[in-house]
Visitor: 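Dumping the structure here so I can ask a few things about it.
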Amino acid sequence: MKNYTTRKRSTPLFIMFLVLTSCLGYGQHEAFEFEFGSENTWENMLAGKADEASPIKWINVNTVKEGWTVRDDGVLVNLGHPLGVVRSEKQYENFILHVEWRHMEAGGNSGIFAWSSADPKGSSPLPDGVEIQMLELDWVNIHAKDGVPQPIAYVHGEVWGVGGVVTTPDNPRGERSKSLENRCKGKGEWNTYDVVCVDGVIKLAVNGKFVNGISKATQKKGYLCLESEGAEIHFRNLKVIELPPGVNSAEQIAPLLSN
């Protein structure tokens with residue numbers, strides 16, 4: 001596993017650098033990659049070959065190398081600046097995703113994109129796909145409107161199509177699907193997401209219980225993206241188990257990118 005270690009530096013100067021890169025768009029052509037997490041196949045799992053997992057390679061889309069560190073303990077640290085994503089080297093169609101995450105700042109914002117083209121368009125730093133939201137619990141209070149906190153539905157695993165990808169929400173909040181139950185833990189505590197993605201349907205379990213999902217995604221094969229969105233977040237134990245493929249039309253598959 002490749003390990004990009006971030007050495008100690010003057011915090012104010014580093015934060016200023018990250019803010020400038022976010023505002024000026026630097027880093028979007030910076031070439032870097034790292035290995036984090038693992039992938040295996042359903043066939044291997046059934047055959048008792050869990051040890052034949054392969055590392056997942058992540059490729060920069062529009063962030064900076066300084067923003068990502070794979071520590072010796074296997075935790076991936078993202079500092080949150082600039083806004084953007086890194087993407088998986090390969091596309092995934094039907095799969096099970098396990099990932100653990102924790103925010104290190106009150107009101108932190110991040111997420112994972114499934115079935116993405118990993119190719120932001122226009123002025124947006126974020127790509128299309130199905131976003132699986134990761135917000136820290138205090139987000140609803142920090143972003144209160146006229147003293148009224150935002151709906152708690154924001155923080156515990158909203159799922160919805162973005163960037164032109166359309167989905168049908170299980171539990172509608174407009175075009176988004178909100179969780180039926182708030183199961184997320186706060187700043188500094190680890191949360192677990194188990195995500196089952198099959199034939200345009202996504203079901204999300206938060207900390208051991210299925211509470212949300214979408215169906216009829218108009219794009220159902222593409223890249224996974226990890227999001228950098230303004231606050232430090234940690235990821236660990238990311239695992240992908242690929243399931244048998246389905247039947248897709250060309251319009252339902254994200255364009256292939258060169259690696």
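Throughout, numbering of the chain's residues begins at 1 and tracks the sequence. What's counted below: heavy atoms across the whole structure, side chains too, no hydrogens, waters or symmetry copies.
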Visitor: Side-chain heavy atoms under 4.5 angstrom apart, residues restricted to Ile, Leu, Val, Met, Phe, Trp, Tyr: same cluster for V240 and L46?
Guide: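 Different hydrophobic clusters.
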
Visitor: What are the two closest non-hydrogen atoms of V201 and S215, and how far apart are they?
Guide: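 Looks like CG2-CB, 3.9 Å.
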
Visitor: Under 3.5 Å, side chain of S177 to main-chain N/O of I214, donor-acceptor pair present?
Guide: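 The answer is no, because no donor-acceptor pair under 3.5 Å joins these two groups.
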
Visitor: Between C197 and L97, is a side-chain contact (heavy atoms from CB on, under 4.5 Å) present by the stated rule, with each step listed?
Guide: CA-CA 8 Å; C197 304; L97 167 68; 5.8 Å; no

Visitor: Are side-chain heavy atoms of F95 and L224 found at a separation under 4.5 Å?
Guide: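 Side chain of F95 against side chain of L224, heavy atoms only: contact under 4.5 Å found.
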
Visitor: When you compare the side chains of D170 and N212, does any donor N or O come within less than 3.5 Å of an acceptor on the partner?
Guide: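 No, N212 and D170 have no side-chain donor paired with an acceptor closer than 3.5 Å.
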
Visitor: For W115 versus A217, what's the shortest heavy-atom pair and its separation?
Guide: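 Smallest interatomic distance, heavy atoms only, reads CZ3-CB, 3.8 Å.
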
Visitor: Closest approach of N40 and K49, non-hydrogen atoms and distance?
Guide: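 The pair with the smallest heavy-atom distance is ND2-O, 3.2 Å.
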
Visitor: Check whether more than 12 heavy atoms from other residues, nucleotides or ligands sit under 6.0 Å from atom CD of E175, and answer yes or no.
Guide: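 No - once you tally the heavy atoms of other residues, nucleotides and ligands closer than 6.0 Å, there are 12 at most.
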
Visitor: Tell me whether the count of non-hydrogen atoms from other residues, nucleotides or ligands lying under 6.0 Å of NZ in K220 goes above 12.
Guide: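 Yes, because the 6.0 Å sphere around NZ of K220 holds more than 12 heavy atoms from other groups.
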
Visitor: Hey, does the side chain of S116 reach the backbone of A118 with a donor-acceptor pair shorter than 3.5 angstrom?
Guide: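 Side chain of S116 to backbone of A118, a donor-acceptor pair under 3.5 Å: yes, one is there.
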
Visitor: Provide the closest heavy-atom pair for G74 versus F36 in the form atom of the first, atom of the second, distance.
Guide: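 Scanning both residues, the minimum pair turns out to be O-CE1, 3.4 Å.
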
Visitor: Would you check if the side chain of N109 reaches a backbone N or O of A231 as a donor-acceptor pair within less than 3.5 Å?
Guide: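 Pair absent, no side-chain N/O of N109 close to backbone of A231.
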
Visitor: Does some side-chain heavy atom of R102 sit less than 4.5 Å from a side-chain heavy atom of E189?
Guide: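 When only atoms from C-beta onward are counted, R102 and E189 do not touch, as no gap falls below 4.5 Å.
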
Visitor: Rounded to the nearest 0.5 Å, what separation is found between the CD atom of E93 and the CG atom of N248?
Guide: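 If I round to the nearest 0.5 Å, the distance is 4.0 Å.
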
Visitor: Between CZ of R183 and OG1 of T192, what distance do you get to the nearest 0.5 Å?
Guide: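 R183 CZ to T192 OG1: 10.5 Å, rounded to 0.5 Å.
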
Visitor: Atom NZ of residue position K90 - does it have more than 12 heavy atoms of other residues, nucleotides or ligands inside 6.0 Å?
Guide: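 Result for NZ/K90: enclosed.
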
Visitor: Any link between I253 and L243 through a network of hydrophobic side chains (Ile, Leu, Val, Met, Phe, Trp, Tyr) touching at under 4.5 Å?
Guide: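 No, because I253 and L243 fall into different hydrophobic clusters, even though each may have its own neighbours under 4.5 Å.
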
Visitor: Could you check W160 against V130 for side-chain contact (heavy atoms from CB on, under 4.5 Å), going step by step and ending with a plain yes or no?
Guide: CA-CA 5 Å; W160 74 101; V130 179; over 6 Å; no

Visitor: Say whether, by atom type as modelled, one donor and one acceptor occur between the side chain of N78 and the main chain of F235 under 3.5 angstrom.
Guide: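 No; zero donor-acceptor contacts below 3.5 Å.
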
Visitor: Can you name the one residue among E39, K221, E242 that meets side-chain hydrogen bond (donor to acceptor under 3.5 Å, both in side chains) with Y92?
Guide: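 Of all the options given, the one that passes is E39.
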
Visitor: Nearest 0.5 Å please: distance from the OH atom of Y223 over to the CD atom of E89.
Guide: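 One finds 9.0 Å between OH of Y223 and CD of E89.
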
Visitor: Are more than 12 heavy atoms from other residues, nucleotides or ligands located less than 6.0 Å from atom NZ of K203?
Guide: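 Correct, the count exceeds 12.
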
Visitor: Quick one: does any side-chain atom of Q91 pair with a main-chain N or O of A254 as donor and acceptor, under 3.5 Å?
Guide: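 Yes, the answer is positive, given that a donor and an acceptor are paired below the 3.5 Å cut-off.
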
Visitor: Is it true that the side chains of W101 and S110 contain a donor and an acceptor less than 3.5 Å apart?
Guide: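 Result is no, nothing qualifies.
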
Visitor: For the atom pair CD1 (I132) and CG (L204), what is the distance rounded to the nearest 0.5 Å?
Guide: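 Taking CD1 in I132 and CG in L204, the distance rounds to 6.5 Å.
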
Visitor: Find out if a path of hydrophobic residues (ILVMFWY) with successive side-chain heavy-atom gaps under 4.5 Å connects Y193 to V196.
Guide: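 No.
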
Visitor: If you take all heavy atoms of V159 and I202, which pair is closest and at what distance?
Guide: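 In this case the closest contact between V159 and I202 is CG1-CG2, 4.5 Å.
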
Visitor: Does any N or O in the side chain of D73 come within less than 3.5 Å of the main-chain N or O of V75, such that one atom is a donor and the other an acceptor?
Guide: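 Flag set: sc D73 to bb V75 pair under 3.5 Å.
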
Visitor: Any chance you could measure W58, atom CH2, to W68, atom CH2, to the nearest 0.5 Å?
Guide: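 If I round to the nearest 0.5 Å, the distance is 8.5 Å.
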
Visitor: Which atoms form the tightest heavy-atom contact between P120 and P125, and what is the distance?
Guide: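 What the structure gives for the nearest pair is CG-O, 3.6 Å.
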
Visitor: Less than 3.5 Å apart, any donor N or O on the side chain of H234 or E232 sitting next to an acceptor on the other?
Guide: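 On atom types as modelled, these side chains qualify, holding a pair under 3.5 Å.
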
Visitor: Taking the side chain as every heavy atom from C-beta outward, state whether P244 and N94 have any atom pair closer than 4.5 Å.
Guide: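 Contact flag for P244/N94 side chains = no.
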
Visitor: Starting at CG of N62, measure out to CD of E30 and round the result to the nearest 0.5 Å.
Guide: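 CD of E30 is found 11.5 Å from CG of N62.
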
Visitor: Between D194 (side chain) and G208 (backbone), is there a donor-acceptor pair under 3.5 Å?
Guide: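 No, because the side chain of D194 does not come within donor-acceptor range (under 3.5 Å) of the backbone of G208.
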
Visitor: What do you reckon, is CH2 of W42 surrounded by more than 12 foreign heavy atoms closer than 6.0 Å?
Guide: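 Not more than 12 within 6.0 Å, no.
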
Visitor: Using a 4.5 Å cut-off on heavy atoms from C-beta on, say whether the side chain of P149 contacts that of N141.
Guide: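 Touching, per the 4.5 Å side-chain cut-off.
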
Visitor: Quick one: does V99's side chain get under 4.5 Å of I112's, heavy atoms only?
Guide: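 They are in side-chain contact.
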
Visitor: Has the side chain of N60 got a donor or acceptor atom that lies under 3.5 Å from a matching backbone atom of T63?
Guide: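 Yes, because the side chain of N60 sits within donor-acceptor range (under 3.5 Å) of the backbone of T63.
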
Visitor: Can you check whether K187's main-chain N or O pairs, donor with acceptor, with E136's side chain at less than 3.5 Å?
Guide: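 Yes: the side chain of E136 pairs with the backbone of K187.
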
Visitor: Is the shortest side-chain N to carboxylate O distance from E33 to K57 below 4.0 Å?
Guide: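 Yes, this pair counts.
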
Visitor: Are W139 and V148 grouped together when hydrophobic residues (ILVMFWY) are joined by side-chain heavy atoms under 4.5 angstrom apart?
Guide: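 In one cluster with W139: V148, no.
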
Visitor: Could you go through N171 and S179, starting from their C-alpha distance and side-chain angles, then the distance that decides it, and tell me whether this counts as side-chain contact (heavy atoms from CB on, under 4.5 Å)?
Guide: CA-CA 7 Å; N171 315 304; S179 293; 5.9 Å; no

Visitor: Check the pair L76, L226 against side-chain contact (heavy atoms from CB on, under 4.5 Å), reporting the backbone distance first and the verdict last.
Guide: CA-CA 11 Å; L76 172 64; L226 300 178; 3.7 Å; yes

Visitor: Taking the side chain as every heavy atom from C-beta outward, state whether C225 and P127 have any atom pair closer than 4.5 Å.
Guide: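 Yes, at least one pair of side-chain atoms sits under 4.5 Å.
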
Visitor: Quick one: does E100's side chain have a donor or acceptor within less than 3.5 Å of a partner on R236's backbone?
Guide: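 Answer holds: no.
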
Visitor: Do R87 and L257 have side chains that approach each other closer than 4.5 Å (heavy atoms only, starting at C-beta)?
Guide: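 They are in side-chain contact.
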
Visitor: Could you see if I241 belongs to whatever hydrophobic cluster contains V195? Use Ile, Leu, Val, Met, Phe, Trp, Tyr and a side-chain cutoff under 4.5 Å.
Guide: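 No, I241 and V195 fall in different hydrophobic clusters.
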
Visitor: So do the side chains of E227 and F113 get within less than 4.5 Å of each other, counting heavy atoms only?
Guide: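 Yes; the side chains approach each other to less than 4.5 Å.
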
